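Here is the structure we will look at, set down as structure tokens.
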There are 2 protein chains.
Amino acid sequence: MINAIQTTTQRAPGLAKAAAKRTLKWQRDPEGMRLRILEAAKQEFSAHGLAGARVDRIAAKAGANKRMLYYHVGNKDDLYLAVLEGAYDKIRSEERGLDLEHLDPPEAIKRLIEFTWGYFLRNPEFLSLLQTENLARAKHLKRSTKVKSMHSPFVEMIGTVVRRGVESGDFQVAVDPVQLYISIAGLCFFYLSNSATLGVIFGRDLLAKDAKDERLAHMVGLVLAALTGQSAVLFEIAKAPKSRAAVAQTV
Amino acid sequence: MINAIQTTTQRAPGLAKAAAKRTLKWQRDPEGMRLRILEAAKQEFSAHGLAGARVDRIAAKAGANKRMLYYHVGNKDDLYLAVLEGAYDKIRSEERGLDLEHLDPPEAIKRLIEFTWGYFLRNPEFLSLLQTENLARAKHLKRSTKVKSMHSPFVEMIGTVVRRGVESGDFQVAVDPVQLYISIAGLCFFYLSNSATLGVIFGRDLLAKDAKDERLAHMVGLVLAALTGQSAVLFEIAKAPKSRAAVAQTV
DNA sequence: GGAGAAATTAACCCGTTGGATAAATACTGT
DNA sequence: ACAGTATTTATCCAACGGGTTAATTTCTCC
């Protein structure tokens, strides 16, 4: 992963000359270094939180000298904020790529839930960073002008989808898009971010493939059932792809 | 709050004699001290996380000498685990007090959501502690035999309610109680534990009275609509108590 | 009323950690 | 090829933080 970033570097001129001179004690690569530092910092902050993160470990992981962190990014707090901003930037950019306009409303909502779920699964550090920042009551985020201007396109998207759904008769309620957004995020977020403690309490692995499939089916069923009023049918549809036994058994 | 605990102490004999001798340099009160330490530790750990917590601050807040923490509870980790176990103990005990048996199924689900929401609102430190522990991937919880044996009565309660609801025709689906439990907890938890970052992003105070009322109404509406299939009606009912404008406006 | 145990205080120890300083090395333009 | 600048390294340090040691005060029981 870090290697991939390193190769990103495009040193413009004098490349042949530098390659010939093979007695270099170290490479010079500001952008690459900065990226490696931020990547290492992301790992460290998400693994240990803000207070638990160690500047020396970040430097080591980035293959850099500790002084580099201060040179390229700033002190520990600056580093943390840069990581946080990067994380928001990334998810917002992926969110924009998801166009729900051409899907029929129930399908669009399903797609939205699947995306949110998938993104959280693929980016567990994002969840950790959010947790950390909320533990700090968003102290750092409040000072970030960048993040404040990065509005999630989802709220508008949801608004449009819901409106279309009500008009087409697919949905029975014109639910508030912000509430729905928070609900979808919450359904996904809580399960994943708290899987450790929940796993201990329930005595089972919530991150096993089957468990995750079952969870996704449940969430899609729950939200779509609420919107369409077709409880039974939708829960069945959502459940179909996998583990069809689970629900019936339990009751 | 701390004072209330202090008074808990019941020093058995020799009270009159001790009261007479007024040249005491300090009081002797093991149980009271232990409680004050745990209360202070709870505050500290929930405010700053495990790594961010400061042993000296805990001592100061407890009105104790630092050495007392080690004498009465143990090292920092022991202290943390004790707090965590206490937090679980408290919520489980309150959960047990909630009997849903005599309510009709939709009312029971509503009550369940309201309790969860209310408990989280009244005990924000519990949310923080959970976040902290999950950040640590439940490392400490796994070692706790106490917590593992403290099963939430909710899963069974929900199972019974759902079964009754399906039989009575109120509910259209026999949803998995564990999934429903996680969903309800997640809907409440995410909104509250992430209110800081969400507040910054949406540019509004999610903890204002109106916002909280609206959220509760939404959650009740969402879950009950999904179970009963009565989307429109239930969202209206849930919304009724307060701010009736919000939902209609947005779409 | 005094001896031994329990509870509490004061002071210290030492590895860790964020951050700083100054010197060395690579690159660029001229 | 040389001067000046940008990047990187090696080393240091003062403050902090968890934990410990030893002495002091209170309580209990006989």
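Letters go in sequence order (proteins before strands), and every chain restarts at 1. Please read these numbers as outputs of a predicted model, since none were measured by experiment.
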Here the salt bridge (charged side-chain N to carboxylate O under 4.0 Å, His left out) pairs for residues 63-72 of chain A, sequence neighbours left out, are A/Asp56-A/Lys66

Here the distance between atom P of C/dT9 and atom CG of B/Asp56, to the nearest Å, is 14 Å

ring-ring contact (aromatic ring centres under 6.0 Å, His included) filter on A/His140, not counting sequence neighbours, yields A/Tyr80

Residue pairs passing the salt bridge (charged side-chain N to carboxylate O under 4.0 Å, His left out) test with at least one member in residues 145-157 of chain B, sequence neighbours excluded, are B/Glu85-B/Lys146

From CG of A/Leu50 across to C1' of C/dT17 the rounded distance in Å is 14 Å

From CG of A/Asn65 across to C1' of D/dC12 the rounded distance in Å is 13 Å

Residues at least two apart in sequence or cross-chain that pass ring-ring contact (aromatic ring centres under 6.0 Å, His included) with A/Tyr88, listed by chain then number, are A/Phe126

Between CD1 of B/Ile37 and P of C/dA7 the distance, given in whole Å, is 12 Å

### Task
Using a heavy-atom cut-off of under 4.0 Å over every strand shown, decide if A/Ala53 touches base, sugar-phosphate, or nothing.
sugar-phosphate

Taken in chain and number order and not counting sequence neighbours, the residues that satisfy salt bridge (Lys or Arg N to Asp or Glu O under 4.0 Å) with A/Arg57 are A/Glu44

Across all chains, not counting sequence neighbours, the side-chain contact (heavy atoms from CB on, under 4.5 Å) partners of A/Asp78 are A/Asn75

A/Arg54 CZ to C/dG18 C1', in whole Å, measures 9 Å

A/Leu79 atom CG is separated from C/dT17 atom P, nearest whole Å, by 16 Å

When rounded to whole Å, the CE to P distance for the pair B/Met33 and C/dA6 reads 17 Å

Applied to residues 117-130 of chain B, the salt bridge (charged side-chain N to carboxylate O under 4.0 Å, His left out) test, sequence neighbours excluded, yields B/Lys42-B/Glu125, B/Glu94-B/Arg122

Next item on the list: Please determine, by modelled atom types, if B/Ser195 and A/Arg137 share a side-chain donor-acceptor pair under 3.5 angstrom.
Entry: no

Electrostatic pair B/Glu95-B/Arg92, nearest N-O below 4.0 angstrom: yes

Within residues 67-76 of chain A, the residues having a heavy atom closer than 4.0 Å to DNA chain D are A/Arg67, A/Met68, A/Tyr71, A/His72

In whole angstroms, the gap separating C1' of D/dT7 from CZ of A/Arg36 amounts to 12 Å

The correct list of stems in which DNA chain D takes part (3 or more consecutive Watson-Crick or G-U pairs, distances under 3.5 Å) is C:1-30 with D:1-30

